[in-house]
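Owing to the predicted nature of the structure, the values given are computational and were not obtained by experimental measurement.
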Amino acid sequence: MHDPGGNSAADLSGLVDHLFRHRSGRITASLIRVLGFEHLNLIEDVIQDAMLKALKTWPYAGVPKNPAAWLTQVARNRAIDVIRRHSSWTDKRRQVIQHLEGLIDDSPSPLDGAFSDDQLQMVFACCHPDLPAASRVALTLKAVGGFSVAEIARAFLAKQTAMAQRLVRAKRQIRALRIELELPAADELPARLDSVLQVIYLMFNEGYGASQGDQLIRQELCFEALRLAQCLLEHARMATPRVHALLALIYLQSARLATRVDGEGDLILLAEQDRGAWDQVLIHQGVRHLGLSAAGVELSKYHLEAEISACHTLAPDYAATDWNKILECYELLQRLENSAVIAVNRAVALLHVEGAHSARRALDELGQSSGLEAYYPYHVTRAMVAGQLGCAESQQYHLRQAMQLSSNAAVKRFLIRQLATES
């Protein structure tokens with residue numbers, strides 16, 4: 001053990017979060033190999049218990065020399081305790097416990113296939129085609145990414161209760177269909193790629209703008225998404241235009257991470273960011289992958305979002321931003337994916353191209369659709385448009401709505417400052 005007290009609570013929490021993101025997939029895979037995919041609820045519970053125990057004991061006992069192995073052992077022991085007490089395991093209890101007792105942190109991965117990364121193998125394995133597309137993505141975010149139900153619900157613009165029910169239904173389907181966790185054959189990988197890309201994309205989005213907590217950015221999650229996207233290129237059949245487009249988007253967005261918040265962790269708007277501090281290496285990689293994504297005739301949402309990010313990132317200053325091109329991209333995006341989130345972003349582009357009246361009409365047309373009333377960026381956009389139209393009362397109302405809906409402390413502080421400024 002290291003000396004107790006050598007790490008702050010924040011450092012320990014960050015370490016546990018890092019291990020959870022990097023090791024939970026491998027621990028999950030190892031436990032599923034023994035217990036079966038149908039016992040995913042139990043597996044999630046024992047891994048969560050291990051993480052909570054780490055948060056409780058490490059501040060006093062110190063961090064183990066091999067914290068990943070410690071977490072594996074605690075999760076394994078917790079699973080053994082549950083199995084010993086649960087009557088449904090009577091017939092094969094001894095055999096299962098023997099397998100679990102032989103489980104160690106450096107056990108070979110139960111998945112052996114095209115990718116060297118355990119986490120990416122788990123993503124492919126969980127994105128099973130027998131599950132509905134949205135359910136498989138949601139389940140993978142929870143099982144492999146360690147997302148909470150609230151984080152997954154925010155990613156899908158859904159209510160937490162509805163998302164919890166969707167996850168329950170997915171797990172029931174796993175049991176009913178006897179789905180096993182296994183890496184698909186090489187020729188089956190392309191059929192799962194869309195879901196895998198969606199998982200990585202949503203993982204990055206949560207890191208880029210955290211839905212909960214004190215910090216706006218979860219940098220660890222952003223770079224985990226980047227790493228997984230890079231690992232896709234290990235397999236020749238995965239080096240598709242869509243993969244390069246997603247990589248371009250992640251690189252270009254990541255280049256601006258350090259300037260999105262100030263020293264106090266407060267949000268800095270794009271117009272006010274120090275462009276000289278943007279990471280030029282990441283920008284170069286983003287532009288390179290954007291070029292590689294142009295091969296062939298495929299046009300995905302990742303292509304268009306990467307192009308939008310390039311418009312922002314490559315503009316010498318905010319005033320030089322090519323809003324006409326951004327608007328064109330959002331209109332193409334709407335044709336590909338009729339999403340309320342895209343419609344809100346298109347309204348922002350309309351505000352810069354055609355003015356506040358056009359933006360307000362576009363927002364009015366959205367009405368009560370697709371859960372937008374519970375989506376705080378929708379209210380932030382309405383407040384911005386109302387402010388330009390001189391509608392102070394509407395601006396204040398939507399800022400207050402946004403503040404009530406956001407669960408992120410940095411966003412709330414920003415909105416409080418906006419309210420104070422516009423009062």
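- In summary, the side chains of Arg361 and Ser358 do present a donor paired with an acceptor at a separation below 3.5 Å, with no hydrogens or angles considered.
- Of the inter-residue distances, the one linking Tyr376 atom OH with Thr381 atom OG1 reads 10.0 Å to the nearest 0.5 angstrom.
- Within the structure, salt bridge (Lys or Arg N to Asp or Glu O under 4.0 Å) contacts touching residues 297-315 (residues at least two apart or in different chains) are Arg242-Glu298, Lys301-Glu337, Glu307-Lys325.
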I'd like a table of donor-acceptor pairs (distance under 3.5 Å, sequence neighbours excluded) in which one partner is a side-chain atom from residues 399-407, with atom names and distances.
| unit_1 | atom_1 | unit_2 | atom_2 | d |
| --- | --- | --- | --- | --- |
| Ser406 | OG | Asn408 | N | 3.2 |

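- In the model, Trp278 has no side-chain atom that pairs as donor or acceptor with a side-chain atom of Thr313 under 3.5 Å.
- For residues 121-140, no residue pair satisfies the salt bridge (Lys or Arg N to Asp or Glu O under 4.0 Å) rule, not counting sequence neighbours.
- Expressed to the nearest 0.5 Å, how far CD of Glu328 lies from CD1 of Ile308 amounts to 10.5 Å.
- Once rounded to the nearest 0.5 Å, the distance linking CG of Leu252 with CG of Asp279 reads 11.0 Å.
- Checked against side-chain hydrogen bond (donor to acceptor under 3.5 Å, both in side chains), Thr321 has no partners two or more places apart in sequence or in another chain.
- Residues passing the salt bridge (Lys or Arg N to Asp or Glu O under 4.0 Å) test with Glu44, sequence neighbours excluded: Lys142, Lys171.
- In this structure Ser135 satisfies the side-chain hydrogen bond (donor to acceptor under 3.5 Å, both in side chains) test with no other residue, sequence neighbours excluded.
- To the nearest 0.5 Å, the span separating CG on Leu193 from NE2 on His235 amounts to 11.0 Å.
- Within 6.0 Å of the CD atom in Glu264, the count of heavy atoms belonging to other residues, nucleotides or ligands does not exceed 12.
- Remark: Asn41 CG is packed, more than 12 non-hydrogen atoms of other residues, nucleotides or ligands lying under 6.0 Å away.
- Taken to the nearest 0.5 Å, the CD1 atom of Ile268 stands 6.5 Å off from the CD atom of Gln273.
- For His303 (side chain) and Ser300 (main-chain N/O), a donor-acceptor pair under 3.5 Å exists by modelled atom type.
- Shown here is Gln215, whose CD atom has no more than 12 heavy atoms of other residues, nucleotides or ligands within 6.0 Å.
- Considering only heavy atoms from C-beta on, Arg360 stays 4.5 Å or farther from Leu351 through its side chain.
- Partners of Glu331 under the salt bridge (Lys or Arg N to Asp or Glu O under 4.0 Å) rule, at least two apart in sequence or in another chain, are Arg346.
- We find the CD-CE distance between Gln198 and Met203 to be 11.5 Å, quoted to the nearest 0.5 Å.
- Residue pairs that meet the side chain to side chain donor-acceptor pair (under 3.5 Å) test with at least one member in residues 281-290, sequence neighbours left out, are His244-His289, Gln285-Arg288.
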List, one per line, each side-chain donor-acceptor pair under 3.5 Å for residues 154-164, sequence neighbours excluded.
| unit_1 | atom_1 | unit_2 | atom_2 | d |
| --- | --- | --- | --- | --- |
| Arg154 | NH1 | Gly209 | O | 3.2 |
| Arg154 | NH2 | Gly209 | O | 3.2 |

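- In this structure, Leu232 and Leu120 approach most closely via the heavy-atom pair N-CD2, 3.8 Å.
- Side-chain contact between Leu42 and Val46 is present, with at least one heavy-atom pair separated by less than 4.5 Å.
- Legend: residues meeting salt bridge (Lys or Arg N to Asp or Glu O under 4.0 Å) with Arg260, ordered by chain and number and at least two apart, are absent.
- Taking the side-chain hydrogen bond (donor to acceptor under 3.5 Å, both in side chains) definition, one finds that Asn345 meets it with nothing, sequence neighbours left out.
- Salt bridge status for Arg237 with Asp187: absent, with no side-chain N to carboxylate O gap under 4.0 Å.
- A donor-acceptor distance shorter than 3.5 angstrom exists from the side chain of Glu206 to the backbone of Ser211, with no hydrogens or angles considered.
- The aromatic rings of His352 and Trp323 sit parallel, their planes meeting at an angle under 30°, below the 60° perpendicular limit.
- Annotation: side chain of Asp266 is not in contact with side chain of Val261 (no heavy-atom distance under 4.5 Å).
- With sequence neighbours excluded, no residue satisfies side-chain hydrogen bond (donor to acceptor under 3.5 Å, both in side chains) with Asn77.
- Between Asp364 and Arg382 there is a salt bridge, since at least one side-chain N of the basic residue sits less than 4.0 Å from a carboxylate O of the acidic one.
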- Message: Pair Phe414, Leu216 - check side chain to side chain contact (heavy atoms under 4.5 Å, CB included), show working.
- Response: CA-CA 11 Å; Phe414 169 77; Leu216 176 69; over 6 Å; no

- Starting from the C-alpha separation in whole Å, work towards a yes-or-no answer on side chain to side chain contact (heavy atoms under 4.5 Å, CB included) for Tyr208 and Ile217. CA-CA 5 Å; Tyr208 191 77; Ile217 297 167; 6.0 Å; no

